[in-house]
Chemist: 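Take this structure, written in structure tokens, and hold onto it; I'll ask about it next.
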Number of protein chains: 2
Amino acid sequence: MDRNTLSSLIWLRMARFVQRSNHLSNEFLEQYGLTAAQFDVLAQIQHNQPITQTELADKLTLTCGGISRMLTRLEKENLIIRKQQWKIKYISLTDKGSTILNEAIPAQVAFQASMFDEVLDEAEKKQLYALVKKLHKASLEKTVSPK
Amino acid sequence: MDRNTLSSLIWLRMARFVQRSNHLSNEFLEQYGLTAAQFDVLAQIQHNQPITQTELADKLTLTCGGISRMLTRLEKENLIIRKQQWKIKYISLTDKGSTILNEAIPAQVAFQASMFDEVLDEAEKKQLYALVKKLHKASLEKTVSPK
DNA sequence: TATTATCATTTTACTAGTCAATTGATAATA
DNA sequence: TATTATCAATTGACTAGTAAAATGATAATA
């Protein structure tokens, strides 16, 4: 009945902050011709290439279907290539993808960090990290119908 | 270059927690035949009905186009009605929508809260609320190219 | 060799959202 | 009265995702 519990208030602010952050990242990454979702996928590929689609889906917590579609778009723009070996497709960046990412990564990491650094001091960030880490871990174990 | 700054770590955990929470809410709300997105829209309508689409978009921080599409789906399922008055459409819940929501709201609020209550104590929740409130407020003022 | 199993990837049909252009209803002006 | 302006709502073309069924490639068994 009472919807204004502390937990509800936290949830609202957190969800809105994440939404707003994503929106700002999308705007920021426009200069590199990337969306935030594409950036995440490409950055993950760069750090793990060559990597299979299933591994990629796992690391990004997306479904295989979602990854498949995303890679089709990225392939169309010549940012990645898929090489089939055995029954598995290995993904890596093209030169174009690599070049763009080398510029985009430090910029985006700095931009993302500024969202926190401009507002919180070191102690607050450590506090916040401890809290969200706890929440995230618990959420991975939580199920809808326990038992 | 160093992607493992504290800020990056916070961002990752927070984004993943929000994603996971949404997934769990979707599973939880299945028993009411609703998705989390639909629940949010319907709950907002219930608390403000009758409300215009523009106001609704504003409260939910969605675009008018997005709201229009969502309401079309909800209307098709007989959960809401749009009544045109002057050049504005006023949205309200149908009896069916109202009945479902009266059950779903307390359950979903409790479920959502459990995500926090099972992990954090009162003091931690107050701390967390203060931090995310700060972050959220700052993000609303932040722009990509300052100046 | 033919059949079955395995498991990565893709596809189908959908929800949910964006931005930008268009439409609809009404008011204000020429 | 005809034209223009205003502004809510819708639509078109897209990205990004899901769950579940289908496909493809290879291995293992009958």
Side-chain angles (χ1 to χ4, degrees), chain A residues 15-16 18-30 32-42 44-45 50-77 79-91 144, chain B residues 15-16 18-30 32-42 44-45 50-77 79-91 144:
Chain A
R16 291 279 162 90
V18 168
Q19 182 193 33
R20 175 77 184 146
S21 273
N22 271 321
H23 187 82
L24 289 170
S25 287
N26 274 311
E27 265 184 65
F28 179 75
L29 289 168
E30 239 170 54
Y32 303 101
L34 298 174
T35 64
Q38 291 170 346
F39 175 86
D40 287 342
V41 175
L42 292 172
Q44 201 63 242
I45 294 171
I51 184 173
T52 70
Q53 300 194 186
T54 305
E55 283 164 0
L56 206 46
D58 188 56
K59 282 190 192 284
L60 292 160
T61 59
L62 300 178
T63 60
C64 285
I67 280 291
S68 180
R69 282 169 208 293
M70 172 61 89
L71 292 178
T72 302
R73 289 190 293 268
L74 292 174
E75 205 172 32
K76 213 176 296 166
E77 295 195 37
L79 296 168
I80 60 134
I81 32 163
R82 310 195 229 206
K83 276 185 236 146
Q84 183 124 12
Q85 239 178 63
W86 196 57
K87 69 178 171 183
I88 288 163
K89 292 191 181 168
Y90 285 90
I91 312 302
V144 165
Chain B
R16 291 277 162 93
V18 167
Q19 182 193 34
R20 175 78 185 147
S21 273
N22 271 321
H23 187 84
L24 289 171
S25 287
N26 273 311
E27 264 184 66
F28 179 75
L29 288 168
E30 239 170 54
Y32 303 102
L34 299 175
T35 64
Q38 291 171 347
F39 175 87
D40 287 342
V41 176
L42 292 172
Q44 202 61 244
I45 294 171
I51 184 173
T52 69
Q53 300 194 187
T54 305
E55 284 164 0
L56 206 47
D58 188 56
K59 281 188 192 287
L60 293 160
T61 59
L62 300 178
T63 60
C64 284
I67 280 292
S68 181
R69 282 170 210 289
M70 172 60 89
L71 292 177
T72 301
R73 288 189 294 269
L74 293 174
E75 206 172 31
K76 212 176 293 166
E77 296 195 37
L79 296 168
I80 60 134
I81 30 164
R82 309 196 228 207
K83 276 184 236 147
Q84 182 125 13
Q85 240 178 60
W86 195 58
K87 69 180 172 182
I88 289 162
K89 292 191 180 167
Y90 284 92
I91 312 303
V144 165

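In the text below, chain A, chain B and the rest are named by the order of the sequence lines, each starting its count at 1. All values reported here derive from a predicted model rather than from experimental measurement.
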Chemist: Between C:dC14 atom P and B:M70 atom CE, what is the distance in whole Å?
Modeler: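 The answer, rounded to whole Å, is 17 Å.
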
Chemist: Which residue, B:E77 or B:G65, contacts DNA chain C at a nucleotide closer to its 5' end, judged by nearest heavy atom?
Modeler: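 Result of the comparison: B:E77.
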
Chemist: Taking atom C1' of C:dA20 as reference, at what distance in whole Å does atom CD of A:E30 sit?
Modeler: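 These atoms are roughly 14 Å apart.
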
Chemist: Nearest whole angstrom, please: distance from the C1' of D:dA16 to the CG of A:L62.
Modeler: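 These atoms are roughly 9 Å apart.
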
Chemist: Any strand is fair game: report the nucleotide pairing with D:dT18 by Watson-Crick or G-U wobble, both distances under 3.5 Å, or none.
Modeler: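 Because both required distances fall under 3.5 Å, D:dT18 counts as paired with C:dA13.
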
Chemist: Are OP1 or OP2 of C:dA27 and a side-chain N or O of B:W86 less than 4.0 angstrom apart?
Modeler: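 The answer is yes; a side-chain N or O of B:W86 sits under 4.0 Å from OP1 or OP2.
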
Chemist: Would A:Q38 and A:R73 count as having a side-chain donor-acceptor pair, cut-off 3.5 Å?
Modeler: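 No.
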
Chemist: Using modelled atom types and a 3.5 Å cut-off, is there a donor and acceptor pairing between side-chain atoms of B:S25 and backbone atoms of B:S21?
Modeler: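 Here the side-chain-to-backbone pair exists.
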
Chemist: Quick check for you: among C:dT18, D:dA16, C:dT9, whose closest atom lies nearest to any side-chain atom of A:Q53?
Modeler: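 The nucleotide sitting nearest to the side chain is C:dT9.
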
Chemist: So, does A:N26 use its side chain to make a donor-acceptor pair with the main chain of A:N22 at under 3.5 Å?
Modeler: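 Here the side-chain-to-backbone pair exists.
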
Chemist: Which nucleotide wins on minimum distance to the side chain of A:K87, given the candidates C:dT18, C:dC7, D:dA19?
Modeler: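 Among C:dT18, C:dC7, D:dA19, the one nearest the side chain of A:K87 is C:dC7.
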
Chemist: Can you check whether A:Q85 has a side-chain N or O nearer than 4.0 Å to OP1 or OP2 of D:dA25?
Modeler: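 No, outside the criterion.
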
Chemist: Tell me whether the side-chain N/O atoms of A:T35 come closer than 4.0 Å to OP1 or OP2 in D:dA16.
Modeler: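 Answer is yes, contact under 4.0 Å.
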
Chemist: Is there a Watson-Crick or G-U wobble partner for D:dT29 with both distances under 3.5 Å, and which nucleotide is it?
Modeler: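 Pairing partner: C:dA2.
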
Chemist: When you match A:T63 and B:C64 each to their closest nucleotide on DNA chain D, which lands nearer the 5' end?
Modeler: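 Checking each residue's closest nucleotide, the 5'-ward one belongs to B:C64.
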
Chemist: Nearest-Å distance, CG (B:L60) to C1' (C:dA16)?
Modeler: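 Taking atom C1' of C:dA16 as the reference, CG of B:L60 is at 13 Å.
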
Chemist: Rounded to whole Å, how long is the line connecting atom CG of A:L74 with atom C1' of D:dT15?
Modeler: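 The distance from CG of A:L74 to C1' of D:dT15 comes to 11 Å, rounded to the nearest Å.
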
Chemist: Record whether the side chain of B:R69 comes under 3.5 Å of the base of C:dT18 through a donor-acceptor pair of N or O atoms.
Modeler: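 Check passes, donor-acceptor contact within cut-off.
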
Chemist: Respond yes when some side-chain nitrogen or oxygen of B:S68 is under 4.0 Å from OP1 or OP2 of D:dA8, and no when none is.
Modeler: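 The answer is no; no side-chain N or O of B:S68 sits under 4.0 Å from OP1 or OP2.
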
Chemist: Provide, to the nearest angstrom, the distance between the CD atom belonging to A:Q84 and the C1' atom belonging to C:dC7.
Modeler: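 That distance rounds to 13 Å.
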
Chemist: What nucleotide among D:dA8, C:dA16, C:dT9 has an atom nearest to a side-chain atom of B:T54?
Modeler: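 So the side chain of B:T54 is nearest to D:dA8.
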
Chemist: Under 4.0 Å, heavy atoms only, any strand: does A:I67 hit a base, just the sugar-phosphate, or nothing?
Modeler: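 Counting heavy atoms under 4.0 Å across all strands, no contact is made by A:I67.
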
Chemist: Take the protein atom CG of A:N26 and the nucleotide atom P of D:dT15, then report the distance between them rounded to whole Å.
Modeler: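 It is 13 Å, rounded to the nearest whole Å.
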
Chemist: Taking only side-chain nitrogens and oxygens of B:K89, does any of them come within less than 4.0 Å of OP1 or OP2 of D:dT10?
Modeler: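 Affirmative; the distance criterion is met.
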
Chemist: Is it the case that the side chains of B:T63 and B:R69 hold a donor-acceptor pair, with the cut-off being a distance below 3.5 Å and no angle test?
Modeler: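 Short answer, no.
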
Chemist: Looking at B:Q19 and A:T61, would you say the former's side chain and the latter's main chain have a donor-acceptor pair under 3.5 Å?
Modeler: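 Side chain of B:Q19 to backbone of A:T61: a pair is present.
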
Chemist: Counting only side-chain heavy atoms from C-beta out, which of D:dG17, C:dA16, D:dT10 sits nearest to B:R73?
Modeler: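 The listed nucleotide nearest to B:R73's side chain is C:dA16.
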
Chemist: Any side-chain N or O of A:R82 under 4.0 Å from OP1/OP2 of C:dT10?
Modeler: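 Yes.
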
Chemist: Would you kindly give the NE2-to-C1' distance between B:H23 and D:dA16, to the nearest whole Å?
Modeler: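 Between C1' of D:dA16 and NE2 of B:H23: 16 Å.
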
Chemist: Can you tell if the side chain of A:I51 reaches within under 4.5 Å of the side chain of A:Y90, non-hydrogen atoms only?
Modeler: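 Contact flag for A:I51/A:Y90 side chains = no.
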
